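The next block holds one structure in the form of structure tokens; read it before the comments.
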Amino acid sequence: MGSAVIGISTVAPVYCLTSTLGSTAGEVGVQMPAVFLAGFLPMLLVAFAYRELNRVMPDCGTSFTWTVKAFGPRIGWMCGWGLVIATIIVLSNLAGVATSYFWLLAGEITGSPSVAALDGNKGVHIVTCLVLIAVATAISYRGMTATKGVQYALVGLQLLVLAAFVTMAFTKADAFVGSLDFSWSWMNPFAVQSFAAFTAGLSLSIFMYWGWDACLTANEETVGSTRTPGRAAMIAMVVLVGSYLATGVAAQMAVGSGEQGLGLANPETSDNVFAALAGPVMGPGLGVLLFVAVLASAAASLQTTFIPVARTVLAMSTYQALPASYARVHPRFRTPGRATVIAGLATGAFYTVMTLVSEHVLVDTIYALGLMICFYYALTAFACAWYFRRELTRSGRDLVFKGVFPVLGGTLLAAVFGKTLYDMWDPAYGSGSSVLGMGSVFVIGVGLLLLGLVLMLVMERRSPAFFRGEVLTKETPALVAAD
């Protein structure tokens, strides 16, 4: 249960819904529930790959370690980089959202618009954001037991409030202008008006499921490390898809997916749907609870998202793919303390710089995130099929779960990666800004991958043994990160 809760918390369902529900409706209209299901499919298939790899290699390096053993050190290093940089981007955005809802909630509680307006003060916003990052880093630094205790409360709160919102939205399904009667056609992905709209919505949907693999990165700190994390990941996925479908259908029935008024696709509110719907759907009293739930969701995910990045960095350092200093484990808390602190510092620095440079740049980094997610998930899925290639003919189960499902999931994510990369070239993608005629989202996404390539070449000069395949091989036993 603790492992599944950490997986759900890292995904942050309430945060994901408030930030992407409207955007998805804007892309695909009433087919939003169908796109949620479509995004769930490749994630589920990849989850099977993670489960099978974890059974034989319960290593906290997860994607990095597994792809190195399957494809060699260079592809594995880039896969690990994709996970690390994606996590840093998400951490910075989570901190920003938590900060905004902190001041919004403070304004609601005090009844003072001037307090809520403090979020618009760039200096106050950045300082608050850095404080939240520091608190989350400190909790993660103290270990998995402290993390789990906090998460039970935060995840329980957000799921209860989300259930209340869904229930009240269903009961008020005909109370607002634009409300719709339920139709099973909403579940038909082939009814989306264009393939470009479908892939854009799918990219957002995939982002909404990202983070469940935190269950696996804590595998060596989990009782029953070969089986428990894989089962927890499956539980987390089922809870997430159920929550997303219920919320999407309820919200669409209540206010519709139009671009006017409370419609989900209204561009003035689509980036923060719950802020617009809290009062009308739940009333002024209970509506505050939805603000609390979004804040709890972002704060909970901010804290648990340190788990995968710190443990991936720990593994890369232990296997000499990064400087040895990042492999230090705290003698008391048994956590990768230095890697956790470095991740916190990197997150704070990234958010501060991006906020000061341009809010458009910060928005575009979030759009580029989907590229990183598809990149390392697809590589991991393909690594599963290749690693077990000699076992695929032993039984029908091995063929399906170690071969067919991972390859299909990896192929779907690779297709989304390619289509997203193509669409990103257009300056209209994301915030609409461009660099030398190229879309800024394309420049950021490709630029971050190229930065990883440069850093890999630097590390190859410093740690030639790892890149010669002498440190981490298929026969290398699992890394014992903490106890």
Side-chain angles (χ1 to χ4, degrees), residues 49-50 53-54 56-89 213 216-217 219-220 306-330 335-343 345-346 349-350 371-372 375-390 410 414 417 445-482:
Y50 271 74
L53 287 166
N54 184 75
V56 298
M57 294 179 286
D59 188 286
C60 71
T62 59
S63 293
F64 159 74
T65 304
W66 299 334
T67 49
V68 169
K69 290 193 173 188
F71 298 135
R74 290 172 183 82
I75 293 178
W77 199 98
M78 287 301 298
C79 185
W81 168 255
L83 187 155
V84 169
I85 196 61
T87 308
I88 294 299
I89 293 173
D213 51 318
L216 282 300
T217 55
N219 46 23
E220 293 170 87
F306 279 101
I307 294 172
V309 65
R311 283 148 182 79
T312 299
V313 169
L314 168 67
M316 294 180 74
S317 178
T318 301
Y319 293 128
Q320 302 179 29
L322 286 177
S325 59
Y326 297 125
R328 295 177 186 170
V329 174
H330 194 280
T335 59
R338 185 179 180 88
T340 301
V341 172
I342 293 298
L345 292 174
F350 181 85
L371 203 67
M372 308 300 167
F375 175 74
Y376 86 85
Y377 272 167
L379 279 177
T380 307
F382 291 136
C384 176
W386 187 251
Y387 184 86
F388 293 115
R389 64 190 183 278
R390 294 183 179 88
F417 176 88
V446 175
L448 289 173
L449 289 175
L450 291 177
L451 174 61
L453 182 61
V454 171
L455 292 177
M456 184 187 74
L457 294 176
V458 171
M459 285 307 305
E460 188 168 0
R461 293 180 63 88
R462 294 188 57 179
S463 304
F466 169 79
F467 289 94
R468 287 197 300 263
E470 299 172 0
V471 178
L472 179 57
T473 66
K474 192 172 182 178
E475 290 73 33
T476 303
L479 165 64
V480 178

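Owing to the predicted nature of the structure, the values given are computational and were not obtained by experimental measurement. In this chain, residues are counted from 1 in sequence order.
Inter-residue side-chain proximity for L448 and I89 is flagged as met; some heavy-atom pair is nearer than 4.5 Å. Two residues are said to be in side-chain contact when any heavy atoms from C-beta on lie closer than 4.5 Å; M57 and Y387 meet this criterion. Counting only heavy atoms from C-beta outward, the side chains of F64 and L322 never approach each other to under 4.5 Å. No side-chain heavy atom of W386 sits under 4.5 Å from any side-chain heavy atom of W66.
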Item to check | Step-by-step side chain to side chain contact (heavy atoms under 4.5 Å, CB included) determination, I342 to V313 | outcome: CA-CA 10 Å; I342 293 298; V313 169; over 6 Å; no

Checklist entry - For V56 and F388, what are the C-alpha separation, side-chain angles and deciding distance, and is it a side chain to side chain contact (heavy atoms under 4.5 Å, CB included)? => result CA-CA 10 Å; V56 298; F388 293 115; 3.6 Å; yes

Next on the checklist: Applying side chain to side chain contact (heavy atoms under 4.5 Å, CB included) to S63 and T312, what does each step give before you reach the verdict?
Outcome noted: CA-CA 8 Å; S63 293; T312 299; over 6 Å; no

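Scanning both residues, I88 and A343, for their nearest heavy atoms gives CD1-O, 3.9 Å. The two atoms that bring G445 and M372 nearest to each other are O-CE, 3.2 Å, heavy atoms only. Here the shortest heavy-atom pairing between L314 and A339 reads N-CB, 4.5 Å. Here the closest non-hydrogen pair linking I75 and L379 is CG2-CD2, 4.0 Å. Contact record, P323 with S317: O-OG, 2.5 Å, taken as the closest heavy-atom pair. When every heavy atom of A383 is checked against every heavy atom of T67, the shortest pair comes out as CB-CG2, 3.7 Å.
Separating the NZ atom in K69 from the OG1 atom in T65 is a distance of 7.0 Å, to the nearest 0.5 Å. Between the CE atom in M316 and the SG atom in C79 there is a gap of 9.5 Å [rounded to 0.5 Å]. With values rounded to the nearest 0.5 angstrom, L449 atom CG is found 5.5 Å from F375 atom CZ. Distance check: F417 CZ to Y376 OH gives 14.0 Å after rounding to the nearest 0.5 Å. Rounding to the nearest 0.5 Å gives a distance of 10.5 Å between CE of M78 and CD1 of I85. Note that OG1 of T62 is 9.0 Å distant from CG of N54, once rounded to the nearest 0.5 Å.
No side-chain donor-acceptor contact under 3.5 Å links T340 to the backbone of A310.
R390 CZ: 12 or fewer foreign heavy atoms inside a 6.0 Å radius. Counting non-hydrogen atoms of neighbouring residues, nucleotides and ligands closer than 6.0 angstrom, the CZ atom of R462 reaches no more than 12 such neighbours.
The cationic group of R74 does not satisfy the cation-pi geometry with W77, failing either the under 6.0 Å distance to the six-membered ring centre or the 45° limit from the ring axis.
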